[in-house]
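Reading through the structure tokens given below for one structure.
These numbers were taken from a predicted model, which means no experiment stands behind them. One-based numbering along the sequence shown. Worth knowing before you read on, the calculation uses all heavy atoms, side chains too, and leaves out hydrogens, waters and symmetry mates.
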Amino acid sequence: MGSTAHHEVEGVGRRDLIKRSTALGLVAVPGMGLLSACASGGGSDESDDGSTKGKASKDNPFGAKKGTKLDVVVFKGGYGDDYAKAWEADFSKKLGITSTHTGTQEITGKLQPRFNAGNPPDIVDDSGAQKINVDVLYRNGQLLDLTEVLDAPSVDDPATKVRDTLIPGTLDPGMQEGKVVALNYIYTVWGLWYSGKLFKDNGWQEPKTWDDLLAICKDAKSQGIGGLAHQGKYPYYINVAIMDLIAKKGGLDAMKAIDNLDPKAFVGSEAAQEAIEAIYEVVEKGYLMPGTNGLTHTESQTRWNQYKAVFITSGSWLENEQLKQTPPDFDMKFLPMPLLPGSKLPFEAIRAGSGEPFIIPAKAKNLPAAKEFMRRMLSKEWSTLFAKQANSLTILKDGVDPGVRLRPGTQSTVEASKAAGDNTFRYLYTEWYSEMGTAIEAASNELMAKRIQPKEWLKRCQAAVDKQAKDPASKKNHRD
């Protein structure tokens with residue numbers, strides 16, 4: 001299969017997304033629960049002691065055994081964990097397999113000791129700021145190769161493999177060395193966000209160029225409002241803006257140069273230089289929301305909800321994560337990253353693809369049930385359950401019942417996806433090279449605090465790329 005991601009980058013099944021999203025309504029369902037956003041060590045059932053293996057059948061291809069238990073751990077963040085509880089209830093009803101459920105944001109804290117002791121859960125939503133990096137788990141031989149699940153018959157159409165029911169390209173972020181070891185389940189869009197009410201009150205128009213964005217930031221500053229907020233304690237978020245600007249300015253080649261560890265990925269890249277200088281202009285001109293560099297994601301986002309900033313960077317889990325803090329008339333909107341002069345991608349181009357990685361540990365105690373649980377996650381019934389509970393789309397083509405209504409902010413990402421058409425892109429270095437990703441985030445943190453300038457940022461990021469390129473294993477990941 002290879003580790004290339006050109007299918008996703010050059011159009012992550014946009015037609016598939018458009019086809020199913022047109023059926024989704026424009027308003028939220030009243031009363032929808034408040035929610036917050038390998039072949040490796042084994043791969044067979046060798047870790048089973050025999051007690052979890054039942055009789056395989058057409059409807060139960062992995063032999064998930066009635067009366068056994070499934071240990072489920074879910075990141076309880078932007079999407080909450082009510083959807084997982086609904087899945088577990090259905091799993092118990094239909095297969096007689098009960099679940100031990102843990103919803104937490106402390107994935108590393110709770111699970112690293114269990115992985116180290118050889119006693120991991122059966123299935124994990126490994127996400128959030130405290131996730132265990134998938135590339136690290138893979139290198140340690142702790143992840144199940146998901147090929148068997150993906151090649152199993154689909155719940156909805158047994159004549160079709162599970163993998164063939166998914167939006168093209170959405171498996172790519174879960175790949176390590178050509179093997180899918182994580183299932184990124186949620187269809188995610190990344191970019192800028194703003195309040196429709198604040199825009200209307202000030203007579204602002206959606207900015208399509210970076211100069212237009214700066215003009216709004218200048219106007220906002222004159223009123224005592226920050227131009228841009230970011231989640232300072234988690235520089236992953238400001239990198240959404242930086243990396244989007246690089247991709248849109250330099251096109252897919254500029255993005256792939258970073259993923260492919262090019263010696264000119266940053267130093268020597270005109271796109272990278274112009275992008276980081278554009279971000280730094282926001283800092284230099286005092287357009288950042290005061291205090292944003294020292295805030296967590298929820299603290300910064302809450303101040304943004306209080307109209308203390310115009311824009312904020314995030315993914316499409318933002319609306320769910322901020323439901324309790326968002327005023328009823330806030331009118332949350334998604335915005336593709338505005339363009340720098342001479343950009344190769346159009347304004348409508350967006351970073352989009354799959355997020356929220358689910359993994360099955362290689363040493364899971366109940367592998368048959370874990371595999372069957374994941375297979376059912378990719379059914380229309382469970383995809384619809386997710387959309388109802390978590391206000392978001394999944395990677396399943398036509399996977400959401402037409403009766404499901406999305407909230408306004410999330411609906412705006414659906415509209416943005418339709419407008420983008422095939423103009424979508426997605427970096428993979430964050431999944432392939434977590435150490436390099438962390439180094440780039442650290443450089444961005446220093447830049448936003450004005451402790452370094454653009455030239456030094458480029459130098460540090462290139463050093464992180466060059467260091468990663470020296471690792472022989474990095475040659476096993478490449479995108480065309």
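Remark: the backbone N or O of Lys256 is not paired with any side-chain donor or acceptor of Tyr427 at under 3.5 angstrom. The closest donor-acceptor contact from the side chain of Thr292 to the backbone of Ala229 lies at 3.5 Å or more, if one exists at all. The backbone N or O of Asp471 sits less than 3.5 Å from a side-chain atom of Ser474, completing a donor-acceptor pair. Side chain of Asn366 to main chain of Lys69: a donor-acceptor pair is present (N/O by atom type, distance under 3.5 Å, no hydrogens or angles). In this structure, Lys248 contributes its side chain and Ala349 its backbone to a donor-acceptor pair below 3.5 Å. Listed for the Gln462 side chain is a donor-acceptor partner under 3.5 Å among the backbone atoms of Phe266. Judged by distance alone, with hydrogens and angles left aside, the side-chain atoms of Thr394 form a donor-acceptor pair with the main-chain N or O of Leu396 at under 3.5 Å. Side-chain atoms of Glu106 do not come within 3.5 Å of backbone N or O of Leu111 as any donor-acceptor pair. Here the side chain of Ser412 pairs a donor or acceptor atom with the backbone of Gly409 at under 3.5 angstrom. Judged by distance alone, the side chain of Thr313 and the main-chain N or O of Tyr237 form a donor-acceptor pair under 3.5 Å.
Classification of Arg376 and Glu372 as a salt-bridged pair holds, one side-chain N sitting under 4.0 Å from a carboxylate O. Salt bridge present: Asp71 and Arg114 bring a charged side-chain N and a carboxylate O closer than 4.0 Å. A salt bridge does not link Lys131 with Glu356: none of the charged nitrogens is closer than 4.0 Å to a carboxylate oxygen. Salt-bridge annotation for Glu88 and Lys85: absent, with no side-chain N of the basic residue lying under 4.0 Å from a carboxylate O of the acidic one. Under 4.0 Å is where a charged nitrogen must lie from a carboxylate oxygen, and between Asp466 and Lys470 no such pair does. Using a 4.0 Å cut-off between a side-chain N of Lys or Arg and a carboxylate O of Asp or Glu, Asp122 and Lys365 do not qualify as a salt bridge.
In this view, Asp164 satisfies the side chain to side chain donor-acceptor pair (under 3.5 Å) rule with no residue, not counting sequence neighbours. Applying the side chain to side chain contact (heavy atoms under 4.5 Å, CB included) rule to Thr326 yields the partners Asn305, Gln322, Phe330, Met332; only residues at least two apart in sequence or on another chain are considered. Residues passing the side chain to side chain donor-acceptor pair (under 3.5 Å) test with Ser392: none are found, sequence neighbours excluded. The side chain to side chain contact (heavy atoms under 4.5 Å, CB included) check on Asp262 picks up Ala257, Lys264, Ala265, with sequence neighbours excluded. Applying the side chain to side chain donor-acceptor pair (under 3.5 Å) test to Trp193 and every residue at least two apart in sequence or in another chain returns nothing. Taking Glu435 as the reference, Lys467 meet the salt bridge (Lys or Arg N to Asp or Glu O under 4.0 Å) condition, with sequence neighbours excluded.
No hydrogens or angles considered: nothing links the side chains of Trp317 and Thr188 as a donor-acceptor pair under 3.5 Å. Side chains of Glu177 and Tyr138: a donor-acceptor N/O pair is present below 3.5 angstrom, by distance only. Side-chain polar atoms of Ser154 and Thr160 form no donor-acceptor pair below 3.5 angstrom. Between the side chains of Gln301 and Glu321, at least one donor N or O lies within less than 3.5 Å of an accepting N or O. Defined by atom type and a distance below 3.5 Å, a donor-acceptor pair is present between the side-chain atoms of Asp145 and Thr147.
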Applying side chain to side chain donor-acceptor pair (under 3.5 Å) to His478 and Asp259, what does each step give before you reach the verdict? CA-CA 7 Å; His478 186 82; Asp259 283 345; over 6 Å; no
Does Leu192 form a side chain to side chain contact (heavy atoms under 4.5 Å, CB included) with Ile312? I'd like the steps, not just the answer. CA-CA 6 Å; Leu192 286 173; Ile312 197 165; over 6 Å; no
For Leu146 and Ile360, what are the C-alpha separation, side-chain angles and deciding distance, and is it a side chain to side chain contact (heavy atoms under 4.5 Å, CB included)? CA-CA 8 Å; Leu146 301 178; Ile360 297 177; 4.1 Å; yes
Between Gln231 and Tyr236, does the side chain to side chain contact (heavy atoms under 4.5 Å, CB included) criterion hold? Intermediate values first, please. CA-CA 8 Å; Gln231 302 81 336; Tyr236 159 87; over 6 Å; no
For ring-ring contact (aromatic ring centres under 6.0 Å, His included), just list the numbers for Tyr83 and Trp87, CA-CA rounded to whole Å, side-chain angles, deciding distance to a tenth of an Å, and then say yes or no. CA-CA 6 Å; Tyr83 69 89; Trp87 288 347; 5.0 Å; yes
Tell me, with the steps shown, if Glu319 and Thr410 meet side chain to side chain donor-acceptor pair (under 3.5 Å). CA-CA 7 Å; Glu319 185 173 36; Thr410 302; 2.8 Å; yes
Worked verdict on Ser434 versus Asp135 for side chain to side chain donor-acceptor pair (under 3.5 Å): CA-CA 7 Å; Ser434 58; Asp135 61 331; 3.0 Å; yes
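Under the 4.5 Å side-chain criterion, counting only non-hydrogen atoms from C-beta, Met377 is in contact with Ile123. Using a 4.5 Å cut-off on side-chain heavy atoms (C-beta onward), Val189 and Arg351 make no contact. Met175 is not listed as a side-chain neighbour of Asn477, based on a closest heavy-atom distance of 4.5 Å or more. Looking at Ser92 and Ser99, their side chains never come closer than 4.5 Å, going by heavy atoms from C-beta outward. Looking at Asn293 and His230, their side chains come closer than 4.5 Å, going by heavy atoms from C-beta outward. Using a 4.5 Å heavy-atom cutoff, the side chains of Ile132 and Ile107 are in contact. Leu295 places none of its side-chain heavy atoms less than 4.5 Å from the side chain of Lys233. You'll find the side chain of Lys380 stays beyond 4.5 Å of the side chain of Asp401, heavy atoms only.
For the atom pair CD1 (Ile242) and CE (Met448), the distance works out to 6.5 Å, reported to the nearest 0.5 Å. Atom CZ of Arg426 is separated from atom CG of Asp172 by 9.5 Å, given to the nearest 0.5 angstrom. Going from atom CG of Leu406 over to atom CG of Asn391 covers 5.5 Å, rounded to the nearest 0.5 Å. How far OG1 of Thr165 is from CG of Asp157: 9.5 Å, rounded to the nearest 0.5 Å. To the nearest 0.5 Å, atom CG of residue Asp90 and atom CG of residue Leu385 are 6.5 Å apart. Residue Leu261 holds its CG atom at 8.5 Å from CH2 of Trp432, rounded to the nearest 0.5 Å.
The six-membered or imidazole ring of Tyr194 lies away from that of Phe334, with a centre-to-centre distance of 6.0 Å or more. Taking the six-membered ring for Trp and the full ring otherwise, Trp382 and Phe373 have centroids separated by under 6.0 Å. A distance below 6.0 Å separates the ring centres of Tyr234 and His297.
Of all heavy-atom pairs between Pro153 and Pro158, the closest is CB-O, 3.3 Å. Nearest heavy atom pair, residue Pro173 against residue Asn184, reads CB-ND2, 3.6 Å. Taking each heavy atom of Ala369 and Phe91 in turn, the nearest pair found is O-CZ, 3.6 Å.
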